[in-house]
Protein chains: 2
Amino acid sequence: MNEQAPINLDYSTSEDAPSAREQEVLSVVLDLMVEEGDGFSMASVARRAACSKETLYRWYGDRDGLLTATVQWQASKVVMPKLDDANLSLETFSETLKAFASSWLTVLTGDVSIALNRLAVSHAGNNKSSLGRIVLENGPYAMRTRLLPIFLKGQKSGLINVRGDEAFRLFFGLVIADAQIRALLGDENKPSQNDIKQFAQSAVEQFLTLCGSKI
Amino acid sequence: MNEQAPINLDYSTSEDAPSAREQEVLSVVLDLMVEEGDGFSMASVARRAACSKETLYRWYGDRDGLLTATVQWQASKVVMPKLDDANLSLETFSETLKAFASSWLTVLTGDVSIALNRLAVSHAGNNKSSLGRIVLENGPYAMRTRLLPIFLKGQKSGLINVRGDEAFRLFFGLVIADAQIRALLGDENKPSQNDIKQFAQSAVEQFLTLCGSKI
DNA sequence: CTTGCGTAGTACCGTACGGTACGGTTCTGC
DNA sequence: GCAGAACCGTACCGTACGGTACTACGCAAG
């Protein structure tokens with residue numbers, strides 16, 4: 001349904017991991033993104049990374065290549081949570097979901113994620129520059145891909161009863177709600193770590209209430 | 001909690017409504033925003049609106065002023081739904097919420113809203129340019145302000161049982177879920193009008209299930 | 001020591017755009 | 001019909017930035 005025209009996401013196969021020096025550069029880009037949004041110049045990157053613009057262009061081709069490499073590097077740092085499918089009690093299931101929800105909210109309202117998503121949103125308007133696509137693939141879609149098997153296991157264990165895609169939509173809504181868009185729009189009123197824990201907990205409880213096998 | 005340092009939102013008091021000619025200009029800006037995102041130039045506005053750049057600068061001061069005027073004009077076009085507090089049956093309440101949810105989803109996934117929110121998000125990164133703030137005030141906050149009295153009425157009639165701010169967060173999450181962020185990131189898979197009706201209906205049902213007075 | 005490669009630093013070019021200036025034209029009030 | 005303001009169209013300026021060219025230096029191999 002969603003996987004159409006697979007984009008080049010072969011950062012895990014082609015050029016494996018960026019070298020230490022490259023990571024320095026990409027890290028500078030991330031910092032600049034957080035500080036100045038999309039406005040930073042190639043010159044500022046070169047200056048702060050103590051490299052020449054020529055090197056940037058040799059390594060990444062153009063500005064968009066640099067941004068793409070940065071986004072993909074950042075995405076590659078997010079690790080996949082595991083759920084051992086053996087002992088799937090309601091307790092385990094619920095706790096796993098809560099932990100995931102908490103971590104997800106923390107990431108999404110973090111500075112780096114905000115900067116990255118701002119960049120992707122603004123680039124999604126202008127055609128060319130597939131940054132929006134890439135963030136979409138590594139953001140919502142990736143989370144969906146990660147959560148679906150978890151939901152599936154819960155379903156097979158009779159803990160929930162709902163179609164997978166509906167489960168994802170519901171879970172996203174209950175957990176994230178308006179937190180992300182408000183952060184993107186510059187709302188300074190960010191949820192504290194305590195708020196997040198609270199949100200995650202009640203979201204999971206609501207989730208289980210709504211689709212905890214009863215139909 | 002949210003209303004701090006009230007920004008200049010006096011488009012309703014100072015210069016009332018833009019003239020017909022001004023509306024032509026602002027409409028051109030909206031069109032260009034939908035077509036090209038933030039990338040459009042003042043020259044392109046002048047060209048398509050068949051006016052001179054000098055006029056644009058005389059009227060709006062600078063580019064940011066033009067954008068601000070456009071955003072505020074668009075926001076002023078959204079009308080406030082009413083709920084007659086007299087006959088507040090569960091049926092009426094539920095139908096009102098469903099209609100609101102449906103309309104909300106339609107607006108948020110529409111081209112104009114997407115373009116506007118993209119603009120606001122990208123400007124929220126760069127300080128100066130209070131566009132993010134303005135969209136935040138006229139988007140999520142305005143919806144919150146609109147919904148709170150409705151929830152309050154429902155609460156007083158014993159139909160729901162939840163704190164107002166929690167009700168808003170919950171309602172937002174159930175109705176909007178990942179639809180807006182996906183649209184902003186350029187997901188072409190927009191919900192059809194039928195999907196929207198479906199989403200709105202089940203969202204309201206879920207909302208009433210979760211906080212329909214039972215605690 | 002010498003040769004050659006990779007890179008830092010910098011100067012440079014072309015372009016795009018925000019903002020201004022100005023001549024010519026239309027509209028408005030008297 | 002006349003004066004003044006508003007406005008259109010366009011030419012122009014300054015700047016900022018993406019991208020390229022070139023020089024100098026460090027360093028490793030032979």
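What you see is a predicted model, and the numbers here were worked out from it, not measured in a lab. Only this structure's heavy atoms are used, side chains among them; waters, hydrogens and symmetry mates stay out.
- Interatomic distance, CG of L26(B) versus CD of E22(B), reported as 6.5 Å (0.5 Å rounding).
- The side chain of R21(B) contributes an N or O atom lying less than 4.0 Å from OP1 or OP2 of dC8(D).
- For the pair E24(A) CD and dT7(C) P, the interatomic distance rounds to 13 Å; values are reported in whole Å.
- Put simply, CG on L56(A) is 11 Å from P on dT7(C), counting in whole angstrom units.
- Counting any heavy atom pair closer than 4.0 Å across all strands shown, A50(A) reaches sugar-phosphate atoms only and no base atom.
- Contact between the side-chain N/O atoms of W59(A) and the OP1/OP2 oxygens of dG6(C) is not found at any separation under 4.0 Å.
- For the atom pair E137(A) CD and S130(A) OG, the distance stands at 10.0 Å (nearest 0.5 Å).
- When the side-chain nitrogen and oxygen atoms of T55(B) are compared with OP1 and OP2 of dA6(D), none of them lie within a distance under 4.0 Å.
- In this structure, S94(A) OG and E205(A) CD are separated by 7.0 Å, a value rounded to the nearest 0.5 Å.
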Set out, line by line, the N/O atom pairs under 3.5 Å between protein and nucleotides 13-15 of chain C.
none

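- Contact between the side-chain N/O atoms of R58(B) and the OP1/OP2 oxygens of dC7(D) is found at a separation under 4.0 Å.
- Within the cation-pi definition used here (under 6.0 Å to the ring centroid, within 45° of the axis), R63(B) qualifies as a partner of F40(B).
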- Query: How does protein contact run along nucleotides 19-24 of chain C, one letter per nucleotide 5' to 3', with B for base contact, S for sugar-phosphate only, - for none, heavy atoms under 4.0 Å?
  - Reply: BBBB--
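- Here F172(A) pairs with W104(A) under the ring-ring contact (aromatic ring centres under 6.0 Å, His included) rule; sequence neighbours left out.
- Proximity of the aromatic rings of F207(B) and F93(B) is defined here by a centroid distance below 6.0 angstrom, and this criterion is not met.
- Results of the side-chain contact (heavy atoms from CB on, under 4.5 Å) test with F168(A) over M143(A), R146(A), R163(A) single out M143(A) as the only residue that passes.
- Contact check on R21(A) versus E24(A) returns a salt bridge, with a Lys/Arg side-chain nitrogen under 4.0 Å from an Asp/Glu carboxylate oxygen.
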